[in-house]
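Heads up: the structure comes next, in structure tokens.
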Amino acid sequence: MSGDHSHNDSQIDSGSRHNDSHKHKDKYKDKEHKHKDHKKDKEREKSKYSNSEHRDSSDKKHRDKERLKLKDGSSDKQKDKHKEKKKEERSFDDKPKKEKENGFESPFIKSEPENNFYHSLKHEKSLKRERDDDDAEFKPKKIKTENDRSEKKAKKRKQEEEDIKPKKKIKNKKGEVATDGKKKGKKEPEEKWKWWEEERYTDGVKWKFLEHKGPVFAPPYDPLPSNVKFYYDGKHMKLSSTAEEVATFFAKMLDHEYTTKEVFRKNFYKDWRKEMTSEEKSKITDLNKCDFSEMSEYFKAQSEARKAMTKEDKQKIKEENERILQEYGFCIMDNHKERIANFRIEPPGLFRGRGDHPKMGMLKRRIRPEDIIVNCSKDSKHPKPPPGTKWKEVRHDNKVTWLVSWTENIQGSIKYIMLNPSSRIKGEKDWQKYETARRLKKCVERIRAQYRDDWKSKEMRIRQRAVALYFIDKLALRAGNEKEEGETADTVGCCSLRVEHLTLHQEMDGQEYVVEFDFLGKDSIRYYNKVPVEKRVFKNLQLFMEDKEPEDDLFDRLNTSILNKHLQELMDGLTAKVFRTYNASITLQQQLNEITNSEDNVPAKILSYNRANRAVAILCNHQRAPPKTFEKSMQNLQTKIDAKKEQLADAKRELKSAKADAKVRRDEKSKKAVESKKKAVQRIEEQLMKLEVQATDREENKQIALGTSKLNYLDPRISIAWCKKFGIPIEKIYNKTQREKFAWAIDMAEKDFQF
DNA sequence: GTATCCACTTAGAATGCGTCAC
DNA sequence: GTGACGCATTCTAAGTGGATAC
């Protein structure tokens, strides 16, 4: 079906974030009444359905016949389900490490007590790694015996003991050996931990030992120098420190479009007033009379000064950052030093919601130690709160992966500090995600047959479910959870589509049954697409939209929970999201198989790869604002190409005259000259081609973001196998960070891997 | 059945920083 | 040595989906 994915240029060309589009501004601005009578509407739709069923009588004739045809699908389903449930049994042993030093200043990794807080896995019978029976490729390279493993572990432990002796030698993540925090130039090859060759935890246990140093807090507020003034109504006004701090948040954003938006200004002003003294409150009554320009200039000057710092000063800052990274940027999880993704607490500032977010401009308050919940092993060295403060809580929950959490004040949601994508805990999950998508590959045809059959169901809820699933599969739409009104921007996914988001065209541009989608998805990115659909889908949509107001739900009998419950019955672990992963990966695989030309040189092959990647990004609607410097950089590139062309013409002329010369002279020297000129021409031709390929690639990428799909949707094994097969260095496809994230795939994917 | 909470992944923008041309 | 540029990294918002309470 992926070949059937209906995306077209219009999907990207018209795409933009909501706030850039006037059309959308008008269309979506006034939604306050939107879901008020939501439940009432659902009831209305229910009663309506019994009346509307007969209207679809033209379809009904074929219904029974076709159902008979499709009947076999259910037995397949049972078979597949059975298969999927088979698991391979493997034993597990992971003894805790005895007291050891680590790379932190705190020198101990303590042993875990015998009467473990964490249930001892050692004696547990046959704990399993969930995997498909017939997925031979995904088995770890070697299934280790108890002896193998303990031997290897002992070796590893010895190695780690060496690695983590503090102050003497600190091994950083690059494998560079540093002494007393200072880097040495030479890299030592680091023995990479192949967690993918080891067992996974089961029963929701995420780790057995976790030690870290806690978060790094935002620096305290540094008051403005006295010469930087704030003016109200043209007059200088000295602000209290608290009010001044909040004012600086606004001043720092003065050049940003945000500060021109009414909602942003209103929210900021409201929250700012809460931080003012009563005197300030009575004086400052109109944001329009506030003059933040001196503050703004001051911050710009500071930024310039930072850029203009001496090399030495810059180096000092870099070293300090490195020191903080070494101290706070790593944790010890189950005997391994793992990189933490975001160990810094988000600093206070003004909330930057995307799209038309009703809360943009609100004050994101400063997070204090008293807001922080720390998660670590009971028997680890617990992180210390800053002097004179205490944590909100220290807990020891090994069923979660986070190290630190706090509740933010804008939406009341919880924020977490977690591990880097290169960590075992994230990598395993990632691998598993692609395995689930590959399992879907095996049964997707059966599922498709079923939802096609369900388009004819007598029950409205089943028809809606089937049409929604068709969209999720065909168009890679997101599931579309319900959202709390007034809390977030008005965006939708498949299940939350409203009537106003679709226009049905019986005939359009010479095609029948065209559905025009126009809505704002995640991050208020516009989804615009005109898709020819099957007649039955079209008829169903007409039915779903009948007698509804534009702001009514298209699928009033469906939500993500119902849909996912259904999907779970079709395949173990199947959710709406899996379709996106599956369709993205299978599209990449098919595109690469189709468009790679083994005769091409490396740049041309990479262009093919990027084109395949681009097809996926378009499918998933991954857009970006064209870079501000886009036009200029294209111009520069064109200038380079022109110069190269001239250079080539010159080189060719020189070659010609060298040839003529050689013909006359007939000596070795002139022959050699011809050869060297020939080589020069070749070299320049290659350079020119490289530049031209680069220009094409850049132009095609103008509004498309490739990174998101590369990082989150494309099974890395596809790309790695492709690299191996066509002799492309992996570095050309994945940068260092990406290679670290996909280390598991780089290690296990052979050139014949197919998704 | 529905709302809410929680944990986690996915997302584009902002910022940082290394490289290259001059 | 410097500044422009573009890629890499960081930041944090905005999703998904499971668990739980009512």
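So that the names make sense, note that chain A is the first sequence line, chain B the second, and so on, each numbered from 1.
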message: Across nucleotides 10-20 of chain C, 5' to 3', mark each nucleotide with B, S or - according to how protein heavy atoms within less than 4.0 Å reach it.
response: SSSSBSBBS--

Using whole Å, report how far [atom1] of [X] lies from [atom2] of [N].
{"X": "Y713(A)", "N": "dG12(B)", "atom1": "OH", "atom2": "C1'", "value": "13 Å"}
{"X": "L403(A)", "N": "dC8(B)", "atom1": "CG", "atom2": "P", "value": "11 Å"}
{"X": "D715(A)", "N": "dT9(B)", "atom1": "CG", "atom2": "P", "value": "16 Å"}

query: When you match I414(A) and K429(A) each to their closest nucleotide on DNA chain B, which lands nearer the 5' end?
result: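 By nearest-heavy-atom nucleotide position, the 5'-most residue is I414(A).
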
task: Map H256(A) and E484(A) onto DNA chain B by nearest heavy atom, then report which one ends up closer to the 5' terminus.
output: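 Mapping each residue to its closest nucleotide by heavy atoms, the 5'-most match is E484(A).
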
Between N or O atoms, less than 3.5 Å apart, protein on one side and nucleotides 16-19 of chain B on the other: list the pairs.
residue, atom, partner, partner atom, Å
dG18(B), OP1, K318(A), NZ, 3.2

task: Mind checking K206(A) for me? I need base, sugar-phosphate or nothing, with any heavy atom below 4.0 Å counting as a touch.
output: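 Contact class for K206(A): sugar-phosphate only.
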
query: To the nearest 10 degrees, how far apart in direction are the end axes of the helix from dG1(B)-dC22(C) to dC22(B)-dG1(C), each fit to five base pairs?
result: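 The end axes of the helix from dG1(B)-dC22(C) to dC22(B)-dG1(C) are about 10° apart, to the nearest 10°.
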
- request: Kindly state whether the ring of H212(A) and the ring of F343(A) have centres lying under 6.0 angstrom apart.
  value: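 No, too far apart.
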
- prompt: Should the ring pair F471(A) and F517(A) be called parallel, tilted or perpendicular, given that the plane angle runs from 0 to 90° and is split at 30 and 60?
  reply: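 F471(A) vs F517(A) ring planes: perpendicular.
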
query: So W744(A) and F742(A), would you call those rings parallel, tilted or perpendicular, with 30° and 60° as cut-offs?
result: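 Ring orientation, 0 to 90° scale: perpendicular.
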
task: Would you confirm whether S303(A), through its side chain, and F299(A), through its main-chain N or O, come within 3.5 Å as a donor-acceptor pair?
output: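 No.
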
